[in-house]
Amino acid sequence: MSSDQDHLKETDTEARFEFKKEEKSAFETEKGLTEETVRLISEDKDEPEWMLERRLRALEQFQEMPMPTDWPGQPDLSEVDIDEIVPYIRPDIETRGGAEDWEDLPEEIQDTFDKLGIPEAEKNALSGVGAQYESEIVYQNMQERWEEKGVIFCDMDKAVQEHEDLVKEHFMTKCVPPSDNKFAALHGAVWSGGSFVYVPEDTTVNMPVQAYFRMNSEGMGQFEHTLIIAEENSEVHYIEGCSAPKYSAFNLHSGGVEVFVGENAHVQYSTVQNWSKNTYNLNTKRAICEADGTMEWVSGSMGSKATMLYPSTILKGPGATDNHITIAMAGEGQDIDTGAKVYHNAPNTNSTIESKSIAKDGGRTNYRGLVHMADGAKGSKTNVECDALMFDNQSTSDTMPYMEIQENDVDVAHEATVGKIGDEDVFYLQSRGLDDDDAKQMIVAGFIEPITEELPIEYAVELNRLIELEMEGSLG
C-alpha cells in the first residue's frame, strides 16, 4: 500500500467510505424480479438443479407476500420498488469465486478495498478474509494453519459446488426459511455471494474471520448470504463490514445470515455497517443454538435511510446462551429500527439484550424486540436493557419490547432509559480544555463503550470514527 493510501486509511474516514468507482460489469440482469431473472442468475453461477428449485420457490413466496406496512412505528418503505432494482451484477474479473492472490484483482477493485483497509486488516489480525464487490466475492483467503485443521472459509457460490451436502442441509431450511418474511423470500430468490464458514468439532479459531461487502453501483440490490456452522466444542469469531457510496437513486441491501451453534460451541458475529443515506438495509439474521452453546451478536448500524434489522436466536438446547449488543445512530432523514429476538425453547437458557441508540438532527431510532419464553423453559433468564441518547428536541427514540411468557418458572427483566446530552456534562469537559464538539464526542464514546469493547481494536476505532462523522453530518 502506498504512503498516500496509508495516510487515507489512518485519517480520512469519510473519503474511505464515500469514494466511488466507474461501474464495470461482466454480466448484469435487467431491473426487477421475474422468473427469467432468477433463472439467469442460477445459470450464470452454474448451480445444481436443487438450488434453482429453491430460488423459484422463494420467488413464488415473495410474490404472494405483502409488503410489511402494519408494524407500529415502522420505517417508511414506500420508496422500495423492486422493479427499479438491479438484483445481480457480476464484476468484470476473470476469476469466478474469488481470487486467491490480491494482486490478481483488477486495479480499480484493489484500490477500492485498499482504501477500506482490507489487505492491511488481513495482514495484522485475521485468520481469513473475504471481499465482495457488488454481487460477487472477488477475493477469498484463509490462513493455511486453519485449513489444515479442517476449517472451511470460502464464498457461498464455491460452497454450493464443493460442499454441497452441508449447504443443501442448512441453506434456508431450518434457520431462515424464505417463508419467514417478504425480504427473506426476496433474498432466497436472488441471493448472490456471501461467506461460508465451517468449523469442525473441538476446533478453536483464535483469530477473527472477516468479510467485507461493498456496493459500488447505483440502483442495485445486494443479497449476500452468510452461512456459519460451528460444530460441537468449537469456537469462531466472524466479523463483517458493509458500505456503499451515495447516489441519487436508492439502493437495497437485503442480506441473509444463518448461524448453527453446536453443543458447547461459541460463535461471535460482529458487524459494522455504514450504508449511505439512500440505502434501505433490510436483513434477516438468525442463529440456532444447541445445548450449552453460546451465540453473541455485536452490531453497529448507521448511515442508511432506513434500517430494519432484528437478529434472532433460537435457544434450542438446555443451558444455551445468547447475548445481543447493538448500537444504532440516526441523523436527519434517517429511521433506524433495530433490535433483537430471542426464543427460549429449552430449560435453563439465558439471554441478554443491550441496545444503545443515538439520535440527532431530527433522526429517529427505535428498539423493537421480542423475548419468547416457551412452555417448559424452566429456570430460564433474560435481561433487556435499552438506552437512548438524544441530541435535540427534534429527534425521537422509541422502545417497543414484546414479551411472550408461557412458563411461570422464569426470570424476565426489562429497563429502558432516554436522556439528552446535558449542558452540565459538556461544561465540565470544556472546563478541562475540550471544545464543544470534542466534549460531545467524548460523551458519546463513553455511551457506546459497552459495544466497542467487544470489538477488535481496529473495528472499535473505526466505529468511533464513523460516529464522529455522523455527528458532524459529513456523510451522505
Side-chain angles (χ1 to χ4, degrees), residues 48 50-51 97-98 100 121-122 125-132 137 139-176 191 193-212 224-240 255-271 285-298 311 313-323 346 349 454 456:
W50 64 265
M51 180 56 79
E100 294 182 0
E122 177 187 9
L126 301 167
S127 298
V129 172
Q132 177 158 335
I137 288 287
Y139 176 70
Q140 197 92 43
N141 191 28
M142 185 77 186
Q143 290 188 10
E144 289 184 5
R145 61 176 171 145
W146 302 118
E147 290 181 336
E148 292 170 356
K149 293 185 177 183
V151 177
I152 302 170
F153 177 50
C154 65
D155 66 272
M156 276 300 301
D157 294 314
K158 183 176 181 180
V160 170
Q161 304 293 341
E162 299 187 5
H163 308 285
E164 186 172 357
D165 290 343
L166 281 170
V167 176
K168 192 173 184 178
E169 177 184 354
H170 294 90
F171 182 87
M172 301 194 78
T173 53
K174 297 171 282 189
C175 202
V176 181
W191 76 271
S195 297
F196 177 77
V197 180
Y198 176 81
V199 185
E201 187 176 336
D202 299 320
T203 301
T204 297
V205 182
N206 56 19
M207 297 175 68
V209 174
Q210 172 183 285
Y212 203 99
E224 82 284 347
H225 192 91
T226 297
L227 176 57
I228 301 172
I229 304 170
E231 299 285 16
E232 185 176 350
N233 297 314
S234 66
E235 185 171 347
V236 67
H237 181 187
Y238 177 89
I239 307 173
E240 79 170 19
V257 176
E258 299 183 287
V259 185
F260 293 85
V261 186
E263 290 189 18
N264 201 39
H266 182 181
V267 176
Q268 180 171 328
Y269 179 98
S270 302
T271 178
K285 302 183 178 185
R286 184 169 299 138
I288 295 177
C289 197
E290 302 291 347
D292 297 314
T294 300
M295 180 67 207
E296 296 187 69
W297 302 91
V298 180
T313 300
I314 300 171
L315 299 175
K316 185 178 178 182
T321 298
D322 177 69
N323 299 313
T349 51
E454 292 294 325

Query raised in the report: Any idea which heavy atoms bring V199 and V197 closest together, and the distance?
Result: CG2-CG1, 4.1 Å

Requested in this report: Could you pull out the closest heavy-atom pair between C289 and T321, with the gap in Å?
Outcome: SG-O, 4.1 Å

Query raised in the report: Can H237 and E296 be counted as having a side-chain donor-acceptor contact under 3.5 angstrom?
Result: no

**Report entry** Contacts of H266 that satisfy ring-ring contact (aromatic ring centres under 6.0 Å, His included) - sequence neighbours left out
**Finding:** none

Report task. Test W50 against V167 for side chain to side chain contact (heavy atoms under 4.5 Å, CB included), laying out the working first. Result -> CA-CA 11 Å; W50 64 265; V167 176; 3.9 Å; yes

Requested in this report: Locate the shortest heavy-atom distance separating G317 from T349; write the atom from each residue and the value.
Outcome: O-CG2, 3.4 Å

Query raised in the report: Roughly how far, to the nearest 0.5 Å, is the CD atom of E263 from the CD atom of E232?
Result: 5.0 Å

Report task. Please round to the nearest 0.5 Å and tell me the distance separating atom CE of M295 and atom CD of E290. Result -> 13.5 Å

Query raised in the report: Looking at T271, N323, T313, which one forms a side chain to side chain donor-acceptor pair (under 3.5 Å) with W297?
Result: T313

Query raised in the report: Is any side-chain heavy atom of C154 less than 4.5 Å from a side-chain heavy atom of H163?
Result: yes

Report task. Would you please say whether a donor-acceptor pair under 3.5 Å links the side chains of T226 and E224? Result -> no

Query - Atom of M156, atom of L227 and distance for their closest heavy-atom approach - result: SD-CB, 3.9 Å

**Report entry** Gap between atom OH of Y198 and atom CD of E231 - 0.5 Å precision
**Finding:** 3.5 Å

Requested in this report: Check whether any side-chain N or O of E258 sits under 3.5 Å from a backbone N or O of F171 as a donor-acceptor pair, and report yes or no.
Outcome: no

Requested in this report: For residues S195 and Y238, determine if any side-chain heavy atom of one lies less than 4.5 Å from a side-chain heavy atom of the other.
Outcome: yes

Query - Set of salt bridge (charged side-chain N to carboxylate O under 4.0 Å, His left out) partners for K174, sequence neighbours left out - result: E169

Query raised in the report: Under a 4.5 Å cut-off applied to non-hydrogen side-chain atoms, are F196 and V160 in contact?
Result: no

**Report entry** Side-chain H-bond candidate by donor/acceptor type, D292 with N264, under 3.5 Å
**Finding:** no

Query raised in the report: What about F260 and H170, are their ring centers closer than 6.0 Å?
Result: yes

Report task. Report the C-alpha distance between Y269 and V236 in whole Å, list the side-chain angles of each, state the deciding distance to 0.1 Å, and finish with yes or no for side chain to side chain contact (heavy atoms under 4.5 Å, CB included). Result -> CA-CA 9 Å; Y269 179 98; V236 67; over 6 Å; no

Query raised in the report: At what distance, to the nearest 0.5 angstrom, does CD1 of I314 lie from SG of C175?
Result: 6.5 Å

Query - Nearest heavy atoms of G150 and P200, plus distance in Å - result: O-CG, 3.3 Å

Requested in this report: Could you tell me the separation between the CG atom of D202 and the OG atom of S234, rounded to the nearest 0.5 Å?
Outcome: 8.5 Å

Query raised in the report: Any side-chain heavy atom of F153 sitting closer than 4.5 Å to one from I228?
Result: no

